[in-house]
Visitor: 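My questions all concern the structure below.
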There are 2 protein chains.
Amino acid sequence: MAGKTKTKSKDSTADKRRSKAAIREENEALILRAAEEIFAEKGFGGATTAQIAEYANVPKANLHYYFPKKADLYRRVIEDICNAWLDARNAFDIHDDPAAAIGGYIRVKMELSRSRPHGSKIWASEVISGAGEVQEYIQTAVKEWLQDMERQFKIWQDEGRIAQVTPRTFLFMVWATTQHYADFESQINLLNGGEPLDSEEYKKTTEEVVGLMLRSLNIK
Amino acid sequence: MAGKTKTKSKDSTADKRRSKAAIREENEALILRAAEEIFAEKGFGGATTAQIAEYANVPKANLHYYFPKKADLYRRVIEDICNAWLDARNAFDIHDDPAAAIGGYIRVKMELSRSRPHGSKIWASEVISGAGEVQEYIQTAVKEWLQDMERQFKIWQDEGRIAQVTPRTFLFMVWATTQHYADFESQINLLNGGEPLDSEEYKKTTEEVVGLMLRSLNIK
DNA sequence: GTCTATATTTCGATAGAC
DNA sequence: GTCTATCGAAATATAGAC
């Protein structure tokens, strides 16, 4: 817990005393994790630094010591999310077979919605609010990835392996559907009698989504 | 513009002087329209009454005269949105043919995303934030509609007219995809070179979405 | 680095003249 | 019903002792 360690500088036992850099890294991580959750739930405007500090078990003043401005903290959270998403991208390039490539990508996206729902929610909030902070990322990384995908789809279409649809329309459907399981979590739970899907149900749902998507492209 | 009309009570020309009730209705509508847009962009916490008042061309004090609490205003906006969504529901019950029924519903949802994107965005923000204000609506109206749909899907499935998939998984896909075109408008525009889809492109996209969805159920 | 106390700003809400 | 001026609460941010 940040602020509880009173390590005097005289205590020179090397492995007991953490360097300032290590302390900083540790506390920043603590705050970032809390911030991701609070920002996801309340949005940038709705979240307060006091809430985030409390959730992270850090005095409010310390939060401002590490992240002077609330907006700084928010940007760092966004940055981390973008980095996590860059990984999911790569789940595509491995296979030449459309069923394996597309199915694999959908499974990765579904897994990401399960493991990092907060990231997806913050992304959605950002885009709903006009995409101010993620604009550049969309115009570069996302756009390039989309164009790569469109080229690959064109090849598959020319080979007659998938249906003739605007790739973008299909990919938007994939994004929308997979992220729905993160962003609309609370709605899904309410419709499921208040209970979240257990991992068995989620796995089954994932395979159904894959099945629907592949069939929509006439694969198999 | 509210507040600019200085109609003296002496001016008794009946058709020139609007009744207080009419004035109220008019100004409430003005404020509600502005509120829907600002809340959609900023969320409840991020929006300020000052912004809404300015956007509605109404002094801030007047906004609080019509809607004493910010939360009152928000609830009224949510209420209006729910009412609009209740209409879309009914686009299903008309046809016995699954292609016509489902296709028609998707077209209505896509049209709603086009005509009332703010409503969809506010709904999404609410659900992302834990669905506090829409919880009851989800548990009653939405749930009942979903269950009706599941019964209808079961019939079609028993008749062998659509694929054997959990109807809920399919319907979530429909919601996610159609609402994506409202909620992720700014992302879609950025990926489209900064330009929104024109009505021709949107119409084409709608038909592609319908095609993908129906094919995913093995219809046609 | 930590943390109490406080400064500063912003925002929701109201008083009171017209 | 309208609107200027303002209050009071809440939130961001900092000062300064430890």
Visitor: Between the two end axes of the helix from C:dG1-D:dC18 to C:dC18-D:dG1, each built from 5 base pairs, what angle do you get to the nearest 10°?
Guide: 10°
Visitor: What residues, two or more places apart in sequence or in another chain, satisfy side-chain hydrogen bond (donor to acceptor under 3.5 Å, both in side chains) together with B:Arg76?
Guide: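 So B:Arg76 forms no side-chain hydrogen bond (donor to acceptor under 3.5 Å, both in side chains) with any residue.
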Visitor: Nearest to the side chain of A:Ala61 - D:dG1, C:dC3, C:dG1?
Guide: C:dC3
Visitor: Go through the structure and list residues passing ring pair (Phe, Tyr, Trp, His ring centres under 6.0 Å) with B:Tyr137, not counting sequence neighbours.
Guide: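 Testing B:Tyr137 for ring pair (Phe, Tyr, Trp, His ring centres under 6.0 Å), a comparison that skips the adjacent residues, returns B:Trp123.
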Visitor: Whole-Å distance between D:dA13 P and A:Ile31 CD1?
Guide: 14 Å
Visitor: Who passes ring pair (Phe, Tyr, Trp, His ring centres under 6.0 Å) against A:Phe170, sequence neighbours left out?
Guide: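 Residues passing ring pair (Phe, Tyr, Trp, His ring centres under 6.0 Å) with A:Phe170: A:Phe153.
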Visitor: In chain order, what residues pass the side-chain hydrogen bond (donor to acceptor under 3.5 Å, both in side chains) check against B:Gln147, with sequence neighbours excluded?
Guide: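 For B:Gln147, no residue satisfies side-chain hydrogen bond (donor to acceptor under 3.5 Å, both in side chains) once neighbours in sequence are set aside.
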Visitor: Roughly how many Å is it from OH in B:Tyr66 to C1' in D:dC3, rounded to a whole number?
Guide: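 Computing the B:Tyr66:OH to D:dC3:C1' distance gives 12 Å.
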Visitor: Let's see if you can work this out: which of D:dT2, C:dT2, C:dG1 has an atom nearest to the side-chain heavy atoms of A:Asn62?
Guide: C:dT2
Visitor: Report the distance from atom CD1 of A:Ile23 to atom P of C:dC3, rounded to the nearest whole Å.
Guide: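 Roughly 12 Å, once rounded to whole Å.
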Visitor: Can you measure A:Leu73 atom CG to D:dA13 atom P for me and round it to whole angstrom units?
Guide: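 After rounding, the gap between these two atoms is 10 Å.
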Visitor: So do the side chains of B:Ile122 and B:Ile78 get within less than 4.5 Å of each other, counting heavy atoms only?
Guide: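 In short, these two side chains touch, coming nearer than 4.5 Å.
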Visitor: What are the two closest non-hydrogen atoms of A:Phe44 and A:Ala71, and how far apart are they?
Guide: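 Nearest heavy atoms, A:Phe44 then A:Ala71: CE1-CA, 4.0 Å.
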Visitor: Rounded to the Å, how far apart are B:Glu28 CD and D:dG1 C1'?
Guide: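 To the nearest whole Å, that distance equals 13 Å.
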Visitor: Tell me: CG of B:Leu30 to P of D:dG1, nearest whole Å?
Guide: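 Whole-Å distance recorded here is 14 Å.
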Visitor: Does the side chain of A:Tyr65 get closer than 4.0 angstrom to OP1 or OP2 of D:dT14 through an N or O atom?
Guide: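 No, outside the criterion.
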Visitor: What is the distance, to the nearest angstrom, from the CD1 atom on A:Ile38 to the C1' atom on D:dT12?
Guide: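 Atom-to-atom, A:Ile38 to D:dT12, this comes out as 16 Å.
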Visitor: Whole Å only: how far is the CD atom of B:Glu54 from the P atom of D:dC3?
Guide: 15 Å
Visitor: Please tabulate, one pair per line, each protein N/O and nucleotide N/O from nucleotides 8-13 of chain C that are separated by under 3.5 Å, including the distance.
Guide:
residue : atom : partner : partner atom : Å
C:dG12  : OP1  : B:Ala47 : O            : 3.3
C:dG12  : OP1  : B:Thr49 : N            : 3.3
C:dG12  : OP1  : B:Lys70 : NZ           : 3.3
C:dG12  : OP2  : B:Thr49 : N            : 2.9
C:dG12  : OP2  : B:Thr49 : OG1          : 2.7
C:dG12  : N7   : B:Lys60 : NZ           : 3.3
C:dA13  : OP2  : B:Lys70 : N            : 2.7
C:dA13  : N6   : B:Lys60 : NZ           : 2.9

Visitor: Holding to salt bridge (charged side-chain N to carboxylate O under 4.0 Å, His left out), I want the full list of residues that pass it with A:Arg114, two or more places apart in sequence or in another chain.
Guide: none
Visitor: In chain order, what residues pass the side-chain hydrogen bond (donor to acceptor under 3.5 Å, both in side chains) check against A:Glu79, with sequence neighbours excluded?
Guide: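 For A:Glu79, no residue satisfies side-chain hydrogen bond (donor to acceptor under 3.5 Å, both in side chains) once neighbours in sequence are set aside.
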Visitor: Under the side-chain hydrogen bond (donor to acceptor under 3.5 Å, both in side chains) test, which residues partner B:Ser129, sequence neighbours left out?
Guide: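 For B:Ser129 there are no side-chain hydrogen bond (donor to acceptor under 3.5 Å, both in side chains) partners, ignoring immediate neighbours.
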